[in-house]
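Here's the structure we're looking at; comments come further down.
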Amino acid sequence: MVDSLGVAVVGFGWMGRVHTQAYARVLHHYPRLGLRPQLITVAEEVPGRAEEAAAQFGFASTTRNWRDVVEDPRIQAVSITAPNFLHREIGVAMAQAGKHIWIEKPVGLSAADARAVAEAVATAGVQGAVGFNYRNAPAVEAARELITSGAIGTVTHVRVRLFSDYAAHPESALTWRYEKERGGSGVLGDLASHGADLARHLLGDIEALTADTAVFIPQRARPTGATAGHTRATGGELGPVENEDYVGCLLRFASGARGVLEACRVSVGEQNNYGFEVHGTKGAVFWDFRRMNELGVSRGTSYQDQPVSTVYVGPGDGEFGAFQPGAANAMGMDDLKVIEAYRFLRSIAEGKPHGATLPDAVHSAAALEAMVRSAESGSWVSLRA
């Protein structure tokens with residue numbers, strides 16, 4: 001027998017839609033999950049958007065006020081996909097109401113926000129999942145296995161890159177993403193949060209770092225109406241971009257390994273160029289999100305002139321088998337969120353965490369704050385507790 005679980009989605013921009021689609025698909029890929037998510041409420045303050053979502057996806061009700069979700073006894077789990085400045089208030093309120101939460105990174109505007117949500121989840125005894133979707137890629141999980149098994153020897157260094165052009169157009173609207181009060185950091189929260197999580201997921205705790213940041217497009221036009229995604233705006237009043245377009249960071253890991261993390265949201269010619277290169281004393285492993293289901297692997301005893309092989313992930317890697325029957329059949333971005341939904345719902349069913357958690361978000365947020373402090377001071381910053 002499959003138990004029903006009432007779910008709500010708070011915030012229905014692109015990521016709210018992705019969460020909703022993941023709930024709709026999860027039992028197709030994981031029929032033995034034991035929980036059937038039921039779409040109860042969608043909360044969205046933009047007029048008409050919630051109603052459109054309900055008509056398309058079958059939510060039982062709509063609201064423009066997320067607080068209605070807190071009081072609704074039909075709802076046991078909530079996806080929080082609202083803008084960053086609302087993460088803490090909504091996350092704490094939902095957890096205190098006894099509702100499990102699946103919240104998008106970076107979980108607020110600061111490490112204090114992430115800690116507050118994590119503490120609320122722990123105190124309430126509910127489950128909390130975080131949207132670090134790239135760690136769910138089967139190839140990333142295969143890379144982690146290679147690293148932890150010692151197949152490439154002792155890891156010496158890693159390079160993590162996250163380059164995109166979503167903000168490269170000078171006519172991109174001055175939305176909440178570019179304001180410190182509502183967006184917090186810029187490319188740090190958008191992309192480097194993923195990079196910090198990937199680096200720690202693969203190599204372990206970050207011990208110290210030093211960083212440099214820059215704003216390359218200092219002014220943008222204010223939008224004249226509701227926005228979604230990365231809308232363009234022309235003719236509006238110009239306002240200042242308050243957070244960074246770029247970050248470059250050197251990392252020291254507790255293991256002794258070294259790393260480079262670089263992220264930019266205004267990289268002309270780059271579309272979702274996300275990936276990593278991990279080097280060890282006997283080999284290396286390479287991953288590019290744009291070729292999500294492949295790994296470059298070098299291992300052996302040659303050291304010098306050692307070749308790199310392309311490996312296609314298959315049913316034995318991560319959750320690949322829930323989607324495709326054989327290696328080299330492609331998976332996509334939305335599939336990673338289905339895996340995330342599965343791990344969130346499995347956490348609820350079993351009463352123990354699976355996948356990225358609120359403590360993971362706290363670690364990422366602490367790294368981001370250390371980058372900000374380092375960029376301001378020009379010095380190394382320790383992340384030791």
Less than 4.0 Å between a side-chain N and a carboxylate O, is that true for K105 and E340?
-> no
Look at atom CD of E145 and say whether more than 12 heavy atoms of other residues, nucleotides or ligands are closer to it than 6.0 Å.
-> no
Assess whether salt bridge (charged side-chain N to carboxylate O under 4.0 Å, His left out) is satisfied between E52 and R17, documenting all intermediate values.
-> CA-CA 11 Å; E52 291 176 6; R17 179 179 294 271; 5.9 Å; no
For N272 and R290, does a side-chain donor sit closer than 3.5 Å to a side-chain acceptor?
-> no
Linking I/L/V/M/F/W/Y whenever their side-chain heavy atoms sit closer than 4.5 Å, directly or via other members, would I147 and L261 fall into one cluster?
-> yes
What heavy-atom pair brings I90 and A82 nearest, and what distance separates the two atoms?
-> CD1-CB, 4.1 Å
For the atom pair CD (E45) and CH2 (W66), what is the distance rounded to the nearest 0.5 Å?
-> 12.0 Å
Mark yes or no for whether D165, through its side chain, and V268, through its backbone, hold a donor-acceptor pair below 3.5 Å.
-> no
Return the minimal non-hydrogen interatomic distance between S172 and Y178, and the atom names on each side.
-> CB-OH, 4.0 Å
Do R25 and D334 sit within salt-bridge range, that is, some charged N less than 4.0 Å from a carboxylate O?
-> no
Take Y246 and E262 through the side-chain hydrogen bond (donor to acceptor under 3.5 Å, both in side chains) test and state the conclusion after the steps.
-> CA-CA 8 Å; Y246 168 87; E262 195 175 15; 2.7 Å; yes
Verify salt bridge (charged side-chain N to carboxylate O under 4.0 Å, His left out) between E141 and R343, making sure each step is shown before the conclusion.
-> CA-CA 14 Å; E141 299 201 55; R343 289 175 170 166; 2.9 Å; yes
side-chain contact (heavy atoms from CB on, under 4.5 Å) assessment of Q76 paired with I348 | CA-CA 10 Å; Q76 292 87 48; I348 296 170; over 6 Å; no
Pairing of E277 and R161 as salt bridge, 4.0 angstrom limit | yes
Passing candidate, side chain to side chain contact (heavy atoms under 4.5 Å, CB included) with V9, options T20, V18, I40, V69 | T20
Does L250 belong to the same Ile/Leu/Val/Met/Phe/Trp/Tyr cluster as L203, with side-chain heavy atoms less than 4.5 Å apart forming each link?
-> no
Give the C-alpha distance, both sets of side-chain angles, the deciding distance and a yes or no for side-chain contact (heavy atoms from CB on, under 4.5 Å) between R265 and N243.
-> CA-CA 11 Å; R265 64 187 179 186; N243 50 35; 3.0 Å; yes
For V285 and A143, the nearest pair of non-hydrogen atoms, with its separation, is CG2-CB, 3.9 Å
Taking the side chain as every heavy atom from C-beta outward, state whether M371 and T213 have any pair of such atoms under 4.5 Å apart.
-> no
CG-CG distance between L86 and L109, expressed to the nearest 0.5 angstrom | 9.0 Å
Does A139 offer a backbone N or O that forms a donor-acceptor pair with the side chain of D317 under 3.5 Å?
-> no
Looking only at heavy atoms, which two atoms of A77 and L5 are closest? And how far apart?
-> CB-CD2, 3.9 Å
What distance do L345 atom CG and H354 atom NE2 have between them, rounded to the nearest 0.5 Å?
-> 11.5 Å
For D245 and F216, indicate whether the former's side chain and the latter's backbone hold a donor-acceptor pair under 3.5 Å.
-> yes
Is F132 linked to F289 within one hydrophobic cluster, defined over Ile, Leu, Val, Met, Phe, Trp and Tyr using a side-chain heavy-atom separation of less than 4.5 Å?
-> no
Just how far is it from atom CG of L368 to atom OG of S110, taken to the nearest 0.5 Å?
-> 10.5 Å
Go through the steps for T210 and S374 under the test side-chain hydrogen bond (donor to acceptor under 3.5 Å, both in side chains), then give the verdict.
-> CA-CA 5 Å; T210 185; S374 175; 3.2 Å; yes
Heavy-atom side-chain proximity of Q324 to N293 below 4.5 angstrom | no
Among side-chain atoms of T41 and S61, is any donor-acceptor pair under 3.5 angstrom?
-> yes
State plainly whether the residues R36 and D3 are in salt-bridge range, i.e. N to O under 4.0 Å.
-> no
Rounded to the nearest 0.5 Å, what's the gap from CD1 on I75 to NZ on K99? Could you check?
-> 5.5 Å
Assess the side chains of Q306 and S298: does a donor N or O sit below 3.5 Å from an acceptor N or O?
-> yes
Under a single-linkage definition using a 4.5 Å side-chain heavy-atom cutoff for Ile, Leu, Val, Met, Phe, Trp and Tyr, are F276 and V311 assigned to the same hydrophobic cluster?
-> yes
Minimum heavy-atom distance between A361 and V107, given as atom pair plus value | CB-CG2, 3.7 Å
So, T281 side chain and T154 main chain: donor-acceptor pair closer than 3.5 Å or not?
-> yes
Point-to-point distance, once rounded to the nearest 0.5 Å, from OG of S382 to CZ of R252 = 10.0 Å
Between H279 and F286, ring centroids under 6.0 Å | yes
Testing W102, F323, Y30 for ring-ring contact (aromatic ring centres under 6.0 Å, His included) with Y342, which one passes?
-> Y30
Could you tell me whether a side-chain N or O of E104 sits under 3.5 Å from a main-chain N or O of T81, the two making a donor and an acceptor?
-> no
Within the distance-only criterion (no hydrogens, no angle test), does the side chain of E350 pair as donor or acceptor with the backbone N or O of K352 below 3.5 angstrom?
-> no
Apply the test side-chain contact (heavy atoms from CB on, under 4.5 Å) to residues F57 and F12: give CA-CA distance (whole Å), side-chain angles for both, the deciding distance (0.1 Å), then the verdict.
-> CA-CA 12 Å; F57 294 103; F12 206 79; 3.6 Å; yes
Apply side-chain contact (heavy atoms from CB on, under 4.5 Å) to the pair V7 and H19, showing each step before the final yes or no.
-> CA-CA 11 Å; V7 302; H19 277 231; over 6 Å; no
